[in-house]
Structures are given as structure tokens and as C-alpha cells.
Amino acid sequence: MSSTFIFLIVLVLAVLGFFGTKQRALASGGGDRRTLHSLPNYYGINAALAAAVPALVVLAAWLVVQPIVVDRVIGAELPAATAEDRGARSLVLADVRRVADGLDLAVSQGVMSDGEASNLSADSNDIRERLGAVGVALGSDVDARTLRLAQDYRDYARLGAILKTIVVIAVAVIGLSIAYRMTDKDFRARNYVERAVMLLLIASASVAVLTTVGIILSLIFNTLAFFDSFPTADFFFGTRWEPSFSGRGGASDLGFLPLIWGTLFISFIALTVAVPIGLFAAIYLSEYASNTVRSIAKPMLEVLAGIPTIVYGLFALLTVGPLLLDVFGNDGILGVNWMSGGTAAMTAGLVMGIMLIPFVSSLSDDIINAVPQTMRDGSLGLGATHSETVKQVILPAALPGIVGAILLAASRAIGETMIVVLGAGAAASLSLNPFEAMTTVTAKIVAQLTGDGEFNSPETLVAFALGITLFVITLGLNVAALYIVRKYREQYE
Amino acid sequence: MEDMYHMDRAMNGLQDIKIKATDVNVYYGDMHAIKDVSVEIEDKTVTAFIGPSGCGKSTFLRCINRMNDTIDICRVIGDIRIDGEDIYDPKVDPVQLRAKVGMVFQKPNPFPKSIYDNVAYGPKIHGLARNKAELDEIVESSLRKAALWNEAKDRLDSPGTGLSGGQQQRLCIARAIATAPEILLMDEPCSALDPIATAQVEELIDELRQSYSVVIVTHSMQQAARVSQKTAFFHLGNLVEFDDTDKIFTNPQDPRTESYISGRIG
């Protein structure tokens, strides 16, 4: 029986359980729902959960475990030489599975009878041709051993499917009958259901946490693998970034400094643009704008945050870069020849700054609005003007929150990729000239992983080392920001 | 009791009219919050506004220093004069007016600055001190007048928000005094304070009467009786009765006043 069908049976059992238990609960209370401990629906839900949840957990576990077990059993039948070599073993097992799937398909299409598929022998039939007829293309002729293993595989799989059906439905029935028997007017069904809801919430929270842990672990292990093949000091203190891909041979320079310099430089330019503009916009919106202006201007500003960064990248590459080149480039309006190409730290920084404006303004606006009205009244009541109130009372009160907003914007700037890939160029350089092409940690992670380099080479693994360094930096900024924002909140609560 | 009553009458008889409001109407959008209120408030006197919640007493108080200007939908019609000068005249700068008419709010609202900077805020903005020494002097005398100097003199640099509720409210009073106002408006200054802090603030209000005209909004009739010489009873936006405090509490003329002070409406 297929898993989908089992799933449906379990669901039907749960629905039946829901109504049956509800009836039983009502009956135990003599038909008067006021005598029950919980609302009748709680008894029903409790039974439905008891039927469905354990059964579905078993089903899910079975679906994961069965292929592993079958592989192991089939693998045990392989000759020792093949079984030892991991590569050869997985190759043979893949073949076996392919033939077995082909036989299944042939049977389901009626090309072969079930008995024929089980008793087929490699000598008498051209299996490759017959399976090819139903659309299963095999790379080579099927030898007797593969065929026999494939037939075994089908047997085990069929046995597994039968067992699975019996076990899952049995679990569902047992769960349901326990819940049904416990149902009574004094049974605290509501408490059980609420505990189940809590478990669901815990499970959801764990998914997020465990994924984070998994990502960090994968970063750490790959980074350790990188440092096995590349000197740590050369990575952290190297001033040249010149990866050479294994095809061309020769050692690579994988110095981290030019990349982090590019990242910080471009982020600095971006924040220089975003912080004043965003902050002033926030002050205008929260303190001076009328409700009408605010209701139009704030969503429009926030639209900026919704633009995909690749669009900003295009804007940098096609509009801002050429524009800057016309001003600062060779034969430019200023005639200074500081800029040799459209892609430069300044291009990416300016566009990234525009992208960050809504981050700064929106958060700062919320924080300024959170300053209690009594502060404004107090200051205005002393004869201060609106502007003096903003400068001397509101901004100092909101400052920690604003700093938090700026740090969040900074961590966003450091992690930004697309704008840099398109706007800043690809050359890693330790230069002070903002009109020179530069690159960042994120852009180089893209470059190292999208090439056709061998996965185990330091040139590829360096991406993980770069990733974890970046992660540590942005994590530090986020923690600092959250700490500051929290401290600010305490002040008024 | 009788003696004090006559003494107060005698004193009040000498006082000039500080604030004279004639036919004041206030609208919040379509809501008519204050209806034709006319009142004359004397100098060097504590005047209490009492009345049930929502009766317009705070709104009327906020007309006297034009704090209602900061609310977009609020319209004030009528004539309010301080020392004979129309404060709603276009020539009057509300910012200057508020320096002359100090205000203390319901909830203590010290700025998140040091105690010193809280008090020095107004004088700095209005340029009342020529140098640091003068500013120090203003801060000290304001804190002394607000009966906070002894508690605060050793911690002038610590944040004003770190004081207790009663101390914070006295800091706010000191802050208002520091701009050398002529009138002090107090909007339920004790409603967020415990009885001991309330007693201290009430004592302070009584002392402030020497130098300022004090107008206090309060929900507590006992407080009005304790601190004020004149009492105005507001009900549903109308000024029902305005007279000497003793008279309001012992012999009210209007049946609504009597119902309110005896606890039948409110």
C-alpha cells in the first residue's frame, strides 16, 4: 500500500476518532456539556491527535529508515571486494535500484506480469531492451547478479511496505483506542490538547535553532578543512588575493585583508550616505510631517526596502557607474581622472547607501515615536521650540535605539552581495581611492563557488572561511545592536 | 478655622487679577470640550480646578500656556489675558509665553539627563545665565525652592530618571521654576505619587504661593481643600461654580457642585 494511502487512512481514523470521542464524552456527561471538564471539541481533538500524530511520526521514520535497511541487507549480499570500496558499492546499489524501479514500472504498465518480473533470468531475456521499451534507460546490459539483487530488492521493499501498512495503522488504532477509553467527563482533555499545542510550538522553534546550528557546524568543519590545506596566517594576514584555479597549477594567494578592506570601505561609504539621510527623514516623518504626508511618505520610503538588490545592482552598473565616470573619470567634467571604470567602491557604496535609507529611517522613526509624549510636553512646556525639543530631548533619548538601527544597517551592508558584484568590480585591492574598483568578502564567495574548481581545493574551501569570518562580524554587530536597543527599552519601561 | 478663613479672604482681597479668561470655547475636532468659560485667577494664590474626569479642567489649564496649540485638531476661541495682555494675539510667541507660564505634568517626566541638566535646560534655552556661575546659582535656587536641594546636591550629575517618583516630580517643579515663570500650571501633579510624596509636594505648592500664581488641576477634593484658596468646579465643559475654597466645600451654591463634593456625581 502506498504511503499516501496509509496517510489518508490515518487521517480518516483521526476524523472518525474526533466525532466518536466527542459523542462518548457527551454521553459520559449524560448529554449535558456543562458537566464535562473540557468542551466536547477538546475530547475530539485529543483523540484525533492521539490517532494521527504517533502514526504519522512512525510513518515518517519508516520512510527514512526502510531504504537504509534495505541497502544494508542488499549490500551484505555483494562480494567482499565490491562491498569494501565505497564508490563501487554505491554504484552497484544504484544499478540495483534502477533495475528494480524499472521492473516495477514494467509491471505497473502491464508489459510484464508480476510473476515474470520476479522470475526473470538474465540469460534468457534482453532486460535492457524490455525496460527501454517502458522508458527506463540502462547504461549497460544487466548481469545476472544485478538482476537477482534487483529482484531481492523488490521483495524486501514489498515486505517493508506491508509491514509499514500494518505497523502504522496499528499505531493509529492503538492511539485512538487509548484516547477513546480515557474519554470521560472528568478527563482533562483541554490540558492534553494544550500540551500538544505547546509541543508543536517547541518543534517549530527547534527547527529554526537546529538549522542555524547545522549551518554553523557545516561552516566550521569546512573551514577546518580549508585550514588543513592552507596556512592560517597567510589567510588572515595576507595582503594579496590571487586565487589560481587548479587547472592552471601554481599556488594561490588567498589573503583576507584586501577583501575585508573592500567590505568595510564600501560599507562605510554606504553608511555615510544612509545614516544622515535616513535619520533626517525619520525626524521629519515622526516630528514634523502631518498625518497625510506621513501616511503617503512612509510607505513610499519603505518601498525602497522592497526592491530586490539585483535591481539596485543594475542601477549601479548601468546608471550610477557611468554617471560617476562622466564626472570623475578621464575626460570627465572635473578633468581629474580619478576613475578608470564605472565599477568602483564609490558606485557600489552610493547605491548601497540608497538601499539602506529605509532601514535607518524606518527603525529610527519607530524609536523616535517611542519616546514618550510627556518628554515633548515637558520640553515644550518650558518654552523650548520644536527644534530645540528634538535636538536636546528627543534625539538624546532615542540615541541608543538609533545607534542600534545604524548597527543593523551596517550588518546588512557588510553582508550585501549583488550590488557589490555588479557595482564594485572584481579586483581585490587595498586602496584608499574610493573611485577604484574593489571587491568584498561576499562577492568573492560567489566567485569562488561559481567557478568549475574542484570542491576539495583550498580555492573553493576558502569560501567557507570567508563565510564564517563574515558571519562572526555580522553576528557581533547584531548582538551589539540588540544589546543597545534592549538597554534603551529598559529606560522607559 | 474661622480665623484662617478670614485671613485668606483678607489676603485675597489685596491680590491683583493675574489671568482673566472670557467666554473661552475649546473644540477637539467636532467635540465641544469647553463651553463659555470665564474666570479670573488672582496672583499669589493657589487656584484649584476640580471636577469629574473628562470635564475639561485639564483642557482649560492647557489653554493658559497654549499647550493646546501642539494638538492639531484643537481649536481655542475666546479671550485669555495674562496681566491684561491677550495671549492668543498673533503677536505673542507661544514659546515665549510658555517660559512665563511654567507647567508641571501628571506623570513626573524628567528628561533622560542629569539632575543639573534637567534644571538648567530652560535657563540655557532662554539664555537666562551669562556664565556657568550664574547657571549654577539658578539651578541651586530652583532646587532649593522645590525643596529638593538637600536630597540632590550631592548627586547633581546622576540621571534625573534615577530619583524616586516624588523627587522626580519636585525636580520637574524645579525645572519649571528655573525659567522664572510668573504662573505655574500643575496638571494633577500628585496623581502618580504615594501619600508621603504627595504631602511633600502639597507643602511645596503652599510655599510657591509666595512668589507665583499657581493653578492646580486635581481629582482629589481633599487636596483642593488643603492647598487652594480658590476653587473652580467644572462639569461637562462648563464652569459651574468658582469661589473661595472654603465656600465651595462648606456652602456650595450650585446643586451640581454639592452633588460632586458629597460624592453623588463624579
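Convention: sequence-line order gives letters A, B, ...; per-chain numbering from 1. Below, all heavy atoms of this structure are taken into account, side chains as well, without hydrogens, waters or symmetry copies.
- With a threshold of 4.5 angstrom between heavy atoms, P108(B) does not approach chain A through any atom at all.
- Taking the six-membered ring where tryptophan is involved, the planes of F236(A) and F256(A) are perpendicular, since the angle between them exceeds 60° and thus also 30°.
- Looking at E151(B) and R170(B), a side-chain N of the basic residue comes within less than 4.0 Å of a carboxylate O on the acidic one, giving a salt bridge.
- Residue V101(B) touches chain A through its backbone alone, counting heavy-atom pairs closer than 4.5 Å.
- Exactly one of E85(B), E182(B), E42(B) qualifies for a salt bridge (Lys or Arg N to Asp or Glu O under 4.0 Å) with K18(B). That residue is E182(B).
- Counting heavy-atom pairs under 4.5 Å between each of N65(B), V95(B), T70(B) and chain A puts V95(B) at the top.
- For K100(B), no part lies under 4.5 angstrom from a heavy atom of chain A.
- In this structure, chain A has heavy atoms under 4.5 Å from both the backbone and the side chain of F111(B).
- Cation-pi geometry between R175(B) and Y121(B) is not satisfied (NZ or CZ under 6.0 Å from the ring centre, within 45° of the ring normal).
- Of the two parts of S290(A), neither the backbone nor the side chain holds a non-hydrogen atom closer than 4.5 Å to a non-hydrogen atom of chain B.
- Using a cutoff of 4.0 Å between basic side-chain nitrogens and carboxylate oxygens, R62(B) and D187(B) are not scored as salt-bridged.
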